Amino acid sequence: MTDWTSGYVADIGYTYGYYDLVNPLRAKLALLKAGLVLPEIATACELGFGQGLSVNIHGAASTTKWYGTDFNPSQAGYAQELAANIADGPQLFDQSFAEFCSRTDLPDFDFIAVHGIWSWISDENRAIIVDFVQRKLKVGGVLYISYNTQPGFAAMLPVRDLMTQHAAIMAPPGAGVLAKVDGALAFTNKLMATNPAFGLANPQIAERLKKLESQDRHYLAHEYFNRDWLPMSFADMAGLLSPAKLDFACSAAYTELLPGLNLTPEQQALLGEIPDAVFRQSIVDFMTNQQFRRDYWVKGKRGLQAIEYAEQLRALRVVLCEHAGAIQLTVKTLLGERALTDVIYKPIIDLLSDHAVRTIGDIEQALSSRGIVLTQLHEACLLLAHKGALAIAQEPSIANLRRPQTDRLNQRLLRQARGGGEVSALASPVTGGGVTVGRFQQLFISAIAEGKQQPSEWAHYAWQVLKASQQTIRKLDVALVGDEENLAELSSQAIEFRDLRLPLLRALGIV
C-alpha cells in the first residue's frame, strides 16, 4: 500500500496562520525597490496551502484567480469549505504535487507561491515543483518561495536528527505525534543539561531549544518531525531554479531591502566588491546568520528606467493599518533597535491617520513642504509595512467589487470564532489581503452585526459565547473567575476596540 503522506506529518493539522507574504500585492513595493518591472497578477497558484486561510483571503479580497493544492485531505476540505463562500473562489485540490502539477486544465500563472514547504519535502517533489514553475509560470511572472537555509540552521541539523531519532526509537508504542514532540524536547533538554561538548561548542542551541519549548506543538511537528528536512544554501537554490529560467529578484522581507539596517558599513563595502549576484547573497547569509529566506524570483527580469520607477511608485496606493497613536517609531534589526526619523515618519503617519487610501504620489505632494523626497517615502512605506502598520491598497473600484465576497468569507470565519481562536485574520477588500483581528474582537464584530451598539452589549455577547463553550479569559496568565471578572475584562477590551480598532476596520471594509 502506497504511503500518501510521503513522510510528511499528516495525522495532525497545520496551524491556521495567515501569511501576507503570499499576497502578490505586497511584491510591488519590493520589486520597485529592486528597480524591476512589475507584472500584472491575474492568475496565481499556491502549492501546499495548509489550512487554506491565506489563499481564500486573497481569493476573496482581490480579482486574482487562485488555484492551489494541499495533499492533506482534512486541510484541503477546510480550505474548500471556505472557498465555497466566495462566488468566484479559489480552485483548491487535495492532490499531491505530482498529481496537481500534471493537470492539463490549469492556466499559466503570473504568480506562484511556495511558502513553508520547500525544506520539508523530498528531492523528487522539489524537482516536480521546479518543472511546474518552468512550464506554468508566465514570462515576467513571479515566484515567491521561502525555505530554511544555512548557515543559520547549520548547528540545528544534528539536534533535529536527534529529536526525530528519539521520536522513532524511544517513544512509547502508540504514542501520537504531539506526545513524540514533547518526549523528544524533554529528552534533548535533559541531554543538554549534562553539558555535552556539542552544546558547549554551540551555545546558541540552548536558546533555540528554549524557544521551541514555548511554540505550538502542531507547528513543531510540521517544522522538525517530517521525514524530509533540508536547510538549503542560496547557491543550491539558485542552481535548482536555473532550469526554470528564473532570476533572483530580491528578498520578500522588507527590512532586507535596506542593507544599512542589518549590515555594518564594513560588511556593505565587502559586498560591493562582489559582482556575482548569487555569491553576494551567499555572503549576506553568512553576515546575517540567515535561518529562513523569503525571496522573489522572476522569469525574465527586466529593469526600470529611473522615470518609470518614479511614475510607478507614485501610482502605488497605500493605507495605514494601525491606529496612528499605537505605532512605535522604532524597528528591530540585527544591529539593535533603530529609531525611525521623527521628521519623516511622523508627518506620514499623521497624514494617513484617517485610514483613507492615498497614492504615494499624493503623500509626496501633501508633504512637499517637509522636504521628504520620493526615495525616503519608499523606505518609510517599506518599514511601516514591515511593522504591519501599512499595506498596499487596491483601486477603490476593485475594493467595492470584492466587498461582497470578503463579507461572505468573514461571516464564515466569524462563526468559527464562537468555538475557538484558531483564526486571527479577516479579509479586507481594501488591501486585497488579511488583517489581524483577535478572537474577542471577532466576537465584538459579530455582536455589531446583530445590531448591538454599545461596548457593554458587545462584552455581554462575547461572554455568553465563551460561557456556552465553557471557556474563561486569562489575564496576566491568571484565569478570571465568574461573570463579574470576565465581563469587566471584556468591557474594557470592547471600549478600547470601539475607540481604536473599530474605525480602522470600518475603513478597511471589514466591518
Side-chain angles (χ1 to χ4, degrees), residues 6-8 21-22 27 30 34 36 45-48 96-98 101 111-137 141-161 164 202 204-205 208 222-253 256-257 259 262-263 267 270-271 273-301 334:
S6 297
Y8 196 89
L21 288 155
V22 184
L36 300 177
C45 177
E46 184 174 357
L47 298 175
S96 68
F97 294 135
C101 293
F111 183 88
I112 296 176
V114 184
H115 181 63
I117 63 163
W118 184 263
S119 299
W120 300 269
I121 56 177
S122 65
D123 289 340
E124 178 184 3
N125 275 314
R126 279 188 276 268
I128 289 169
I129 290 175
V130 172
D131 175 70
F132 179 75
V133 172
Q134 189 276 325
R135 291 184 294 106
K136 301 301 291 182
L137 185 64
V142 176
L143 169 70
Y144 163 71
I145 190 164
S146 64
Y147 58 101
N148 283 349
T149 189
Q150 300 186 38
F153 254 111
M156 195 63 186
L157 285 167
V159 178
R160 181 265 176 186
D161 289 346
T164 56
N202 299 275
Q204 73 275 24
I205 291 299
R208 182 76 64 85
H222 287 268
E223 174 72 28
Y224 291 104
F225 289 82
N226 294 305
R227 182 186 66 196
D228 296 293
W229 192 75
L230 180 64
M232 183 175 291
S233 72
F234 180 83
D236 286 342
M237 174 62 84
L240 288 174
L241 294 181
S242 177
K245 301 181 180 180
L246 293 174
D247 297 311
F248 175 69
C250 61
S251 173
E256 294 177 12
L257 301 174
N262 296 310
L263 302 176
Q267 290 171 335
L270 177 58
L271 288 175
E273 299 173 6
I274 301 172
D276 184 82
V278 172
F279 188 55
R280 189 162 57 247
Q281 287 299 311
S282 297
I283 298 306
V284 169
D285 287 348
F286 269 82
M287 289 175 172
T288 60
N289 197 34
Q290 188 73 272
Q291 297 179 28
F292 188 65
R293 287 197 68 108
R294 295 151 290 179
D295 293 328
Y296 294 124
W297 297 74
V298 177
K299 182 182 280 189
K301 184 168 66 173
L334 293 179

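Being a predicted model, the structure only gives us computed values, none of them experimental. Position 1 is the first residue of the sequence; numbering continues from there.
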side-chain contact (heavy atoms from CB on, under 4.5 Å) between Cys45 and Phe132, worked out: CA-CA 11 Å; Cys45 177; Phe132 179 75; 4.1 Å; yes
Nearest atoms (heavy-atom pairs only) where [X] meets [Y]:
{"X": "Ala98", "Y": "Ile128", "answer": "CB-CD1, 3.7 Å"}
{"X": "Gln267", "Y": "Met287", "answer": "O-CE, 3.4 Å"}
{"X": "Cys250", "Y": "Leu257", "answer": "CB-CD2, 3.8 Å"}
{"X": "Ala244", "Y": "Val133", "answer": "CB-CG1, 4.2 Å"}
{"X": "Ser251", "Y": "Ala30", "answer": "O-CB, 4.1 Å"}
{"X": "Leu157", "Y": "Pro231", "answer": "CD2-CD, 3.5 Å"}

Any donor-acceptor pair under 3.5 Å from [X] side chain to [Y] backbone:
{"X": "Lys299", "Y": "Leu137", "answer": "yes"}
{"X": "Ser242", "Y": "Gly239", "answer": "no"}
{"X": "Asp276", "Y": "Val278", "answer": "yes"}
{"X": "Arg294", "Y": "Ala252", "answer": "no"}
{"X": "Ser146", "Y": "Arg293", "answer": "no"}

Can you tell me if Phe279 has over 12 outside heavy atoms packed within less than 6.0 Å of its CZ? no
With a cut-off of 6.0 Å (strictly less than), are more than 12 heavy atoms of other residues, nucleotides or ligands near CD of Glu124? no
Hey, could you give me the [atom1]/[atom2] distance between [X] and [Y], rounded to the nearest 0.5 Å?
{"X": "Asn148", "Y": "Phe292", "atom1": "CG", "atom2": "CZ", "result": "6.0 Å"}
{"X": "Leu271", "Y": "Leu263", "atom1": "CG", "atom2": "CG", "result": "6.0 Å"}
{"X": "Lys136", "Y": "Cys101", "atom1": "NZ", "atom2": "SG", "result": "10.0 Å"}
{"X": "Ile112", "Y": "Glu46", "atom1": "CD1", "atom2": "CD", "result": "11.5 Å"}
{"X": "Trp297", "Y": "Leu246", "atom1": "CH2", "atom2": "CG", "result": "7.5 Å"}

Go through it in stages, so that I can follow the logic: the residues are Thr149 and Met232, the test is side-chain contact (heavy atoms from CB on, under 4.5 Å), and I'd like the CA-CA distance, side-chain angles, deciding distance and then a yes or no. CA-CA 5 Å; Thr149 189; Met232 183 175 291; 5.6 Å; no
Taking the side chain as C-beta and beyond, is there a heavy-atom pair between [X] and [Y] under 4.5 Å?
{"X": "Tyr296", "Y": "Leu36", "result": "no"}
{"X": "Leu230", "Y": "Trp120", "result": "no"}
{"X": "Ile145", "Y": "Ile129", "result": "no"}
{"X": "Leu241", "Y": "Val130", "result": "yes"}
{"X": "Tyr147", "Y": "Phe234", "result": "yes"}
{"X": "Leu21", "Y": "Tyr144", "result": "yes"}
{"X": "Arg126", "Y": "Met237", "result": "no"}
{"X": "Phe97", "Y": "Ile117", "result": "yes"}

Show, in sequence, the C-alpha distance, side-chain angles and deciding distance for Arg280 and Glu273, and conclude whether the side-chain contact (heavy atoms from CB on, under 4.5 Å) test is met. CA-CA 9 Å; Arg280 189 162 57 247; Glu273 299 173 6; over 6 Å; no
Phe248/Asp295 under side-chain contact (heavy atoms from CB on, under 4.5 Å): CA gap, chis, key distance, verdict: CA-CA 8 Å; Phe248 175 69; Asp295 293 328; 3.6 Å; yes
Looking only at side chains, do Asp285 and Ser282 share a donor and an acceptor under 3.5 Å apart?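 No pair is found: no donor N or O on one side chain lies under 3.5 Å from an acceptor on the other.
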